[in-house]
Amino acid sequence: MNFHFNPARGLIRVEVVVSGPIGNAVVQLALDTGATATLIGLDPLRLAGYDPTAVGQPMQITTGSGTAQASRLSITSLTALGHTRLNFPVVAHNLPSRSSVDGVLGLDFFRGHILTIDFVKGEIALTAGGPTP
Amino acid sequence: MPNAMTIEEIESQFPDEWILVIDPNTGPDLKVRSGVVAAHSKDRDEVYRKALELKPKRSAVWFNGDPPEDAVIVL
């Protein structure tokens with residue numbers, strides 16, 4: 001299945017389902033092949049029933065402008081681009097509201113898959129691949 | 001309880017706002033097709049405050065707009 005985005009401007013925003021003990025929240029993350037990990041804002045995680053500040057493992061993340069404190073936790077599942085990852089570790093950290101997204105979908109979601117981004121048609125496809133060497 | 005709205009109605013009524021929809025009807029691409037708008041605001045925190053107060057089992061939150069044409073975002 002192909003997913004559509006605006007190839008002319010802005011971020012590549014992808015709808016994801018964050019599943020947790022309270023429920024499911026659909027939020028938008030930016031597809032970010034420059035990020036090694038998937039990062040989700042604290043409030044979307046709380047909406048699904050997590051308390052990142054209480055259960056997350058403190059960690060430091062490196063951003064384009066320096067380092068920041070964050071926490072890492074595993075969520076029940078994350079669904080995006082037709083694929084679901086169970087017990088998926090995410091980094092809990094807020095991006096500025098001006099970014100227009102609630103986090104980034106990073107490389108860890110794509111490993112072992114084939115990601116195709118067509119900037120002419122404005123389409124994304126994610127298909128199963130093989131094991132990552 | 002407000003009525004459900006289509007995505008066309010939502011997008012036209014609340015441009016450049018963060019939107020909370022309860023029990024969204026989504027397609028296979030997970031994009032919202034319709035639902036009940038429970039909160040909308042230019043302020044993301046305000047929308048999430050309402051969402052966390054309601055504790056919906058199913059919800060969708062997104063920004064209905066694009067960054068300004070001249071905005072550069074590096075995440």
Side-chain angles (χ1 to χ4, degrees), chain A residues 1-6 8-35 39 41-49 51 63-65 79-84 93-106 123-124, chain B residues 4-8 10-12 14-75:
Chain A
M1 178 179 177
N2 288 339
F3 295 80
H4 298 277
F5 71 99
N6 181 352
R9 59 177 292 205
L11 298 168
I12 300 177
R13 291 189 287 183
V14 174
E15 277 75 13
V16 308
V17 180
V18 179
S19 297
I22 287 181
N24 298 337
V26 178
V27 297
Q28 288 185 332
L29 305 184
L31 192 160
D32 188 354
T33 59
L39 178 150
L42 275 67
D43 280 340
L45 291 168
R46 290 178 180 126
L47 191 52
D51 185 351
T63 70
S65 56
T79 300
L81 300 172
H83 293 260
T84 297
H93 186 71
N94 287 331
L95 291 182
S97 173
R98 275 177 57 86
S99 68
S100 78
V101 290
D102 270 316
V104 300
L105 194 60
E123 290 179 350
I124 308 167
Chain B
M5 299 170 69
T6 65
I7 188 61
E8 291 79 13
I10 294 169
E11 287 183 342
S12 65
F14 311 117
D16 298 319
E17 292 193 58
W18 287 86
I19 296 168
L20 164 66
V21 164
I22 303 294
D23 289 329
N25 171 28
T26 55
D29 57 1
L30 302 179
K31 291 184 188 297
V32 174
R33 303 285 194 265
S34 63
V36 174
V37 175
H40 60 92
S41 173
K42 302 273 186 194
D43 182 349
R44 178 175 66 180
D45 292 343
E46 189 179 318
V47 168
Y48 272 109
R49 267 195 299 275
K50 183 68 175 178
L52 294 171
E53 177 188 313
L54 294 172
K55 291 187 172 60
K57 282 190 80 70
R58 294 181 62 250
S59 62
V61 177
W62 77 100
F63 181 72
N64 177 34
D66 283 309
E69 289 259 12
D70 58 351
V72 175
I73 299 174
V74 179
L75 298 176

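Chain letters run A, B, ... following the sequence lines, proteins first, then strands; residues in each count from 1.
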So which N and O atoms of chain B and chain A form donor-acceptor pairs under 3.5 Å?
| unit_1 | atom_1 | unit_2 | atom_2 | d |
| --- | --- | --- | --- | --- |
| Trp18(B) | NE1 | Ser97(A) | OG | 3.3 |
| Lys31(B) | NZ | Glu15(A) | OE1 | 3.2 |
| Arg44(B) | NH1 | Leu95(A) | O | 3.4 |
| Arg44(B) | NH1 | Val101(A) | O | 3.3 |
| Arg44(B) | NH1 | Asp102(A) | OD1 | 3.4 |
| Arg44(B) | NH2 | Leu95(A) | O | 2.5 |
| Tyr48(B) | OH | Asp102(A) | OD2 | 2.6 |
| Lys57(B) | O | Asn24(A) | N | 2.7 |
| Ser59(B) | N | Asn24(A) | O | 3.1 |
| Ser59(B) | O | Val26(A) | N | 2.8 |
| Val61(B) | N | Val26(A) | O | 2.9 |
| Phe63(B) | O | Arg13(A) | NH1 | 3.4 |
| Gly65(B) | O | Arg13(A) | NH1 | 3.0 |
| Gly65(B) | O | Arg13(A) | NH2 | 2.6 |
| Asp66(B) | OD1 | Arg13(A) | NH2 | 3.1 |
| Pro67(B) | O | Arg9(A) | NH2 | 2.4 |

Practice task
Could you look at Leu47(A) and say if it's the side chain, the backbone, both or neither that has a heavy atom under 4.5 Å from chain B?
Solution key: both
Handout entry: Side chain, backbone, both or neither of Val17(A) within contact of chain B (heavy atoms, under 4.5 Å)
Key = both
Handout entry: Top of Ala30(A), Pro44(A), Gly49(A), Gly64(A) for chain B proximity - count of heavy-atom pairs under 4.5 angstrom
Key = Pro44(A)
Fill in the blank from the handout: Ala80(A) meets the side-chain contact (heavy atoms from CB on, under 4.5 Å) criterion, sequence neighbours left out, with Val14(A), Val16(A), Leu105(A), Phe109(A)
Completion exercise
Highest number of heavy-atom pairs under 4.5 Å with chain A among Val32(B), Leu52(B), Val21(B), Leu54(B) belongs to Leu52(B)
Exercise for the section: Examine whether an atom of Pro96(A) lies under 4.5 Å from a heavy atom of chain B, and if so say whether it belongs to the side chain, the backbone or both; otherwise answer neither. Expected result: backbone
